[in-house]
Structures are given as structure tokens and as C-alpha cells.
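Down below is the structure, laid out as C-alpha cells.
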Protein chains: 4
Amino acid sequence: MRVFAEKGYHGCRIADVARQAGVAYGLVYHYFRNKDELLESVCAEQWTIFIRALRAASEGPGAATEQLAGICRFAVDVFRTAPAAVRVLLLEVVPTPNAFRAGSTRQTFEEAVSIVADIVRRGAARGELRADAEPTVAATTLLGALELTLTSMVAGIVRGGTEEEIERVKRALVDQVVGGLAPR
Amino acid sequence: MRVFAEKGYHGCRIADVARQAGVAYGLVYHYFRNKDELLESVCAEQWTIFIRALRAASEGPGAATEQLAGICRFAVDVFRTAPAAVRVLLLEVVPTPNAFRAGSTRQTFEEAVSIVADIVRRGAARGELRADAEPTVAATTLLGALELTLTSMVAGIVRGGTEEEIERVKRALVDQVVGGLAPR
Amino acid sequence: MRVFAEKGYHGCRIADVARQAGVAYGLVYHYFRNKDELLESVCAEQWTIFIRALRAASEGPGAATEQLAGICRFAVDVFRTAPAAVRVLLLEVVPTPNAFRAGSTRQTFEEAVSIVADIVRRGAARGELRADAEPTVAATTLLGALELTLTSMVAGIVRGGTEEEIERVKRALVDQVVGGLAPR
Amino acid sequence: MRVFAEKGYHGCRIADVARQAGVAYGLVYHYFRNKDELLESVCAEQWTIFIRALRAASEGPGAATEQLAGICRFAVDVFRTAPAAVRVLLLEVVPTPNAFRAGSTRQTFEEAVSIVADIVRRGAARGELRADAEPTVAATTLLGALELTLTSMVAGIVRGGTEEEIERVKRALVDQVVGGLAPR
DNA sequence: GATGAATGAGAATTCATTCAT
DNA sequence: TATGAATGAATTCTCATTCAT
């Protein structure tokens with residue numbers, strides 16, 4: 001996960017993975033059929049966690065606004081715990097050979113979008129969010145905002161060193177992204 | 001640009017670039033020292049265009065809300081005209097060997113963030129945007145929302161085939177991302 | 001070693017080395033970082049043998065004249081056993097990118113010069129060689145004479161096919177190069 | 001000449017030659033059919049000068065000892081004037097693809113050897129040099145001693161900075177290499 | 001399970017040579 | 001004569017994958 005996060009799919013060598021894991025070169029091939037399967041596996045694992053959180057939010061209590069806010073807060077918290085995982089999740093969605101175009105990673109991404117979009121849709125129906133919201137666009141907006149903000153935190157462009165700074169990031173994100181969906 | 005957009009940095013062969021450009025293999029090396037420099041150059045070119053547009057918006061007339069909305073609309077329009085350019089700009093920033101970590105691409109990204117952040121800062125000062133906005137987070141939120149939404153359009157997850165659909169995306173983006181910054 | 005000797009540094013392809021060694025192309029890169037390191041390694045190995053012989057002569061018994069004569073005889077004998085090694089040793093020292101200018105090969109060459117020069121210096125002090133001998137020049141003269149004479153044997157310009165011819169070359173070399181250092 | 005001297009045949013690029021000469025890339029091909037011809041031409045020029053000097057010595061006045069001494073002194077003097085030319089002369093004899101094995105450079109080298117060998121042969125016949133001298137070996141010994149000593153001067157291993165140091169090198173060379181051929 | 005040498009196809013890079021201007 | 005862009009074959013280097021131990 002760390003190596004993929006650092007160098008991307010093509011840039012990461014099996015040798016790097018083995019070294020990082022502290023095992024012999026060949027052992028990687030004992031556990032994974034090939035490089036694709038390795039990445040799929042890593043991505044799937046990360047996405048599973050994230051999707052589970054999205055689903056938990058979606059199926060949990062509270063208004064749509066609160067569910068979306070929870071997702072934002074969760075994402076930022078995950079970033080704090082495992083920034084590398086966030087990078088894999090965020091960065092390997094697209095630039096992977098088969099991942100985005102077809103295959104499980106894309107499906108999982110679409111699933112994430114659709115869960116968020118559903119929250120928006122329900123919220124709009126219930127009057128918790130503006131009636132004319134575009135669920136899918138709202139979802140990609142939210143996820144994209146999370147992605148780049150977190151990436152910028154990883155890169156040190158957005159400050160997220162202290163507890164207080166992280167709280168400020170969370171609040172700003174929620175205010176803008178969820179607040180922007182509030183009924184007029 | 002097209003080839004990088006299509007396959008990503010590592011996935012794209014010099015041979016592809018040459019073929020796409022309709023020139024001989026070796027000629028690429030007449031103009032670029034190596035693959036890195038080639039991408040760097042392509043990215044720089046795209047960023048320049050985008051930065052110019054950001055600056056034009058920033059220095060143009062209108063309230064901060066209108067400037068930010070203009071940026072969103074411009075980005076979506078660029079996407080319609082040159083989706084490949086958008087992909088390079090958006091997707092190749094990070095997973096590239098030296099691009100994001102250090103060097104000109106990162107600087108240019110920071111510049112983009114800072115231009116948008118400045119608009120937000122001024123808007124907040126003038127009362128056009130909420131006073132407690134976090135300029136940098138607002139900027140990465142806006143740019144990230146653009147990125148993933150456009151990417152999703154490229155990938156066909158967000159519908160953007162017709163004129164009307166594109167208008168809807170624009171409106172939704174602006175409503176959420178700029179609307180979310182409105183004073184309470 | 002054989003391939004370098006045959007074609008020189010630039011003329012020898014890694015593929016040649018692999019074929020000659022009877023291994024797969026890539027394996028060469030398993031053992032050597034790159035072509036430079038390969039040659040460096042080959043040279044170092046050869047020099048080590050030669051330096052060892054020089055040292056043995058220097059530390060062995062006999063007058064300086066006898067030590068120098070021993071070196072000449074040894075060099076000619078090595079040539080008979082392994083002409084390719086001699087060629088690498090002799091010919092690839094200089095025209096190689098980094099070898100002679102700086103780095104270990106040059107150091108080793110200087111060491112060879114200095115061992116021979118020391119023998120000369122001691123011999124001069126003991127009255128076995130002329131008192132006004134220039135040790136360093138004497139050393140490069142001896143080594144250079146060996147080099148070109150052996151090269152010419154390799155090239156067939158100096159006859160060295162039979163046992164008797166080789167003996168004649170040895171004697172002539174020693175007479176001229178060592179004899180030329182005798183006290184007047 | 002300088003570029004060939006610096007990098008050897010394969011290591012020298014046409015671009016280097018053009019840059020060193022201060023002319024455009026293509027112009028090199030206006031004057032030389034190809035790289036081989038360029039090197040041949042350079043070598044031939046250098047050898048011609050050297051061969052002419054050897055011949056002049058051979059056909060000039062004085063005993064064989066004096067003729068050989070003159071050659072040594074001339075070579076050292078040439079080195080002082082044009083060290084690069086010496087390197088081409090010395091270093092490109094062998095490691096060139098076709099040069100030494102067959103072709104004009106090898107012929108010229110053999111000619112040089114034979115001129116010197118003739119001087120030795122005559123000197124031996126006249127009693128100026130030892131009767132049992134091996135003319136060819138004596139020639140390669142003399143030329144080899146010159147080669148490596150001059151190379152070592154170029155490389156800074158043998159000191160040749162001042163007028164006095166150069167005189168000392170000349171004397172040492174002559175004493176050893178010519179002195180070693182003196183009748184016993 | 002574990003190791004790391006061995007393989008070879010694929011991609012980057014170099015550079016002599018050609019050619020239009 | 002002079003220029004330097006254009007070409008593409010030759011070569012180095014990389015790295016996923018296999019395999020014997």
C-alpha cells in the first residue's frame with residue numbers, strides 16, 4: 001500500500017514491495033498471482049473500508065446533512081491515521097491500466113459515488129437538501145473535494161499538523177460542501 | 001498530451017508519443033531531453049493556460065462569488081473542448097516521479113491554490129463570502145470538486161454529453177461549491 | 001574479459017557479454033549495476049592479479065635487477081596463458097569513460113607504477129641500478145615496453161608462437177629495459 | 001583530434017566533434033563521408049607527422065644510438081606541444097574497430113615499428129648496438145616506453161610541468177631504452 | 001513458506017547518417 | 001558551404017515473472 005501510494009501502479013516495482021514488506025522477492029508471488037492482482041487486492045481492501053464507512057453513514061441515523069458531514073469527518077480522520085492508505089485510495093483510482101476503465105476498482109468507485117448520491121437524493125426528497133440538487137454531481141463534488149484537500153494535506157499545502165488545524169479543515173469542508181447543498 | 005492522458009505517465013511509451021505526433025521516434029529526443037522533461041513540459045503548458053484563466057477571473061470584475069463561479073464554468077468548458085488536456089492536468093499531477101513532490105508542477109499547483117484562496121480571502125473580507133471561510137481549504141475543495149467531477153465526466157460516470165447536461169453540471173457545481181461559501 | 005578485449009569498451013555489447021558467458025541478458029544486470037561497473041570489475045580483477053605479482057617480486061629475494069626481470073618474465077608468461085586478460089588490462093585502461101581519469105582503475109595503475117618505482121629506488125640506493133635513475137619514468141618505461149610488446153605479440157607483429165620465440169622476447173625485453181638501468 | 005583523444009573512437013560523437021570545431025552538425029558530413037573516414041583522416045595526419053620524424057631520424061646523420069635518442073626526444077617534445085595529438089596517436093592504434101586489425105592505421109603502425117627496427121638492425125650490424133638485439137622487440141619496447149610514459153605525463157602521474165622536469169624525463173628514457181641496447 | 005538467481009520481452013535512450021533549406 | 005531538424009536501427013537498462021533449491 002505504501003509503495004503504491006508513493007509511486008503509483010507502474011512506478012512501483014515488485015522489488016520495492018518486497019523490500020518494504022521485508023520479505024524475499026519471490027515470496028510476493030507466493031501470495032499474489034501477479035502485480036495486477038496485488039494492486040487489486042490492496043485497492044479492494046482500502047475501498048472496502050471506505051465503502052463500509054459510506055454505507056454505515058448512509059444507513060445510520062440522522063439527516064442527510066449529518067450523514068454527509070459524517071463522511072467528510074471520517075475521511076479526514078482516516079487520513080490522519082493512515083495517509084498512505086488515503087493516497088492509494090485517492091490516486092490509484094484512475095491512472096491504473098484496467099482499473100478505472102473496467103474492473104473492480106471502477107465498480108467500487110461507482111459504488112462509492114452511488115452511495116453518496118443516494119444520500120443526496122433521499123435528502124432532497126425529504127427536504128433536508130435543496131430539491132434541485134444533482135445527486136451524482138454532488139457526490140463527485142464531495143469526494144473530489146475530499147480527495148484534493150486530503151492530498152494537499154499529505155503534500156503539506158493544507159495545514160493539518162495539529163488537532164486544532166484538523167478540526168478547522170473538517171469544519172470548512174463540511175460548511176462548504178454540505179452547506180452548499182442546503183435548501184435555499 | 002493525448003497519450004499521457006490516455007495511459008498515464010508510466011503507461012505511455014515514447015513510441016506512442018512519436019506516433020501520435022506523426023514524427024520519428026528519435027525526434028522526440030531532439031526536443032526533449034527525456035521522458036520526464038516531456039511530461040513536465042506538457043503539464044507546464046496546460047497549467048499555464050489554467051493559471052492564466054484563474055488570474056483573469058481573479059483580476060476581473062464581479063464579486064468573489066461571481067469570480068469563483070466563472071472559474072467553475074471555465075473549467076467545465078475547457079473539459080468540453082479538450083478533455084485530454086484536462087486529464088493530463090488533473091491526473092498526471094501526482095503520480096509522476098518528480099512532478100508533484102518538487103519542481104515546477106507542484107509550484108504551479110500551489111499557485112493555483114493560492115489564486116483561488118486569495119479570491120476567497122478577499123470575498124470574505126468584503127462580506128461576499130462567509131467571514132470564517134478557510135481560504136486554502138476552500139480552494140482545494142473547489143479544485144478537487146472540479147477535478148473529480150470532470151474526471152467522472154470523462155469516464156462517463158457523470159453525464160455530460162449534451163449541452164443541457166453540461167449546463168446542469170455547471171449549475172450544480174457552482175451551487176454547491178460557491179453556494180457553500182455564502183454568508184450564513 | 002574476452003569480449004572487452006576483443007572489441008574494446010564501447011564496441012562490446014552487453015548482449016555479447018551475456019552470450020559469451022552463456023547466461024541470459026538480464027542476468028548481467030543482476031550482478032553489475034551497469035556497463036561501467038562491469039568493466040571496472042573486470043579490470044580490477046585483472047589488476048589485482050598483476051599487482052599481486054608485482055608485490056611478490058618486490059618483496060621477494062634477489063637484487064632489483066632480478067626482481068624487474070622477474071616482472072618482465074611473468075608478464076610475458078601471463079600473456080601466453082591469457083592473452084585476452086592482457087589485452088583488457090593493457091588496452092582498456094585508458095580509453096574508458098571513467099577508468100583512467102579517476103576511480104579505482106587509475107589508483108591501481110598508480111599503485112603498479114609505484115611498486116615498480118620502489119624497486120628501482122631501492123636498487124639505485126643499493127648500487128644495483130644506476131644512481132641517477134628516475135624511478136617513476138623507469139617504471140612507466142618498463143610497463144609501457146611490456147604493454148606494447150605484448151600487444152604487438154597479440155597482433156602478430158612480434159613473433160611469439162613458439163617456446164623459443166617467447167624466450168627470445170623475454171631476453172630482449174629484460175636486456176634492454178633492465179639492462180638500461182644498470183650502473184654505468 | 002582532441003575529441004578522439006579524449007573519448008576514443010566509439011566514445012566520441014560526431015556532435016562532439018562539431019561542437020569542438022565550432023561548426024554545425026551537418027557540416028562534418030560535408031567534409032568527411034562518415035565517422036570512420038574522419039578518424040582515419042585524423043590518425044593518418046598524426047601518423048604522417050610521426051613517421052616523417054622517424055624517417056628523418058633514420059635517414060639522418062649520427063650513430064644508431066643517436067638516432068634512437070633523437071626519436072625519444074622528438075616524441076617528448078611533440079607531447080609538450082600537442083598532448084592531444086599524442087593521445088590520438090598512441091591510444092587509437094588498437095581499440096579502433098578496423099584500424100589495428102587491418103587497414104591503414106595498422107599498416108602505419110607496422111611501418112613505424114619497422115623504421116625503428118631497421119635503425120636497430122643497422123646499429124647492431126655496425127657495432128653501435130649489441131649484436132644480439134632483437135630489432136622488432138627493441139622497436140616495440142622503445143615505442144611502448146614512449147607511449148606509457150607520455151600517457152602518464154598527460155595523466156599527471158609522471159611530472160612534466162617544467163622545462164627541467166621534461167629534460168629529466170627525456171634523459172631517463174634515453175638512458176634506459178637506448179642505453180639498454182648498448183653493446184655489453 | 002521462503003529465497004533469490006535466472007529469463008527475456010519491452011521501453012528508454014543514443015547517435016550515425018540523411019536531407020531539405 | 002552551412003545549418004540543424006528528421007530518421008530509425010542499435011543498444012542499454014528495467015522489471016514482471018519463473019523456477020530450482
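Not measured: the values here are computed from a predicted model. The sequence lines fix the lettering, A, B, ..., with proteins before strands; numbering per chain opens at 1.
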| request: Check each of B:Val42, B:Val17, B:Leu39 against B:Met1 using the side-chain contact (heavy atoms from CB on, under 4.5 Å) test, and report the only one that passes. | output: B:Val42
| query | CG/A:Leu38 to CZ/A:Phe32 distance, rounded to the nearest 0.5 angstrom? | reply | 5.0 Å
| task | Using the closest heavy atom to pick a nucleotide of DNA chain F for each, name whichever of A:Ile14 or C:Arg13 lands nearer the 5' end. | result | C:Arg13
| message | What range of DNA chain E does chain B touch, first nucleotide to last, counting atoms under 4.0 Å from its heavy atoms? | response | E:dA11 to E:dT14
| note | Within residues 20-35 of chain D, the residues having a heavy atom closer than 4.0 Å to DNA chain F are D:Val23, D:Ala24, D:Tyr25, D:Gly26, D:Leu27, D:His30, D:Tyr31
| request: Write down the atom of A:Gln20, the atom of A:Arg2, and the distance for their closest heavy-atom approach. | output: OE1-NH1, 2.9 Å
| request: Quick one: do C:Phe109 and D:Leu148 satisfy side chain to side chain contact (heavy atoms under 4.5 Å, CB included)? Show the steps, please. | output: CA-CA 11 Å; C:Phe109 174 70; D:Leu148 200 64; 3.9 Å; yes
| field | Under the 3.5 Å Watson-Crick or G-U criterion, the dot-bracket string of DNA chain E, with | for inter-strand pairs | value | .||||||||||||||||||||
| field | All side-chain hydrogen bond (donor to acceptor under 3.5 Å, both in side chains) counterparts of A:Arg13, not counting sequence neighbours | value | A:Asp16
| said: Under the rule for side chain to side chain contact (heavy atoms under 4.5 Å, CB included), what residues qualify as partners of A:Glu45, not counting sequence neighbours? | reply: none
| request: Please state the C1' separation for the pair F:dT21 and E:dG1 - nearest whole angstrom. | output: 13 Å
| task | Would you mind listing every salt bridge (Lys or Arg N to Asp or Glu O under 4.0 Å) that reaches into residues 23-33 of chain D, with sequence neighbours excluded? | result | D:Arg33-D:Glu37
| Hey, mind stepping through C:Ile49 and C:Val78 against side chain to side chain contact (heavy atoms under 4.5 Å, CB included) and telling me if it holds? | CA-CA 10 Å; C:Ile49 297 170; C:Val78 166; 5.7 Å; no
Donor-acceptor pairs under 3.5 Å, side chain of residues 22-30 of chain B to any protein atom, not counting sequence neighbours: which ones?
none

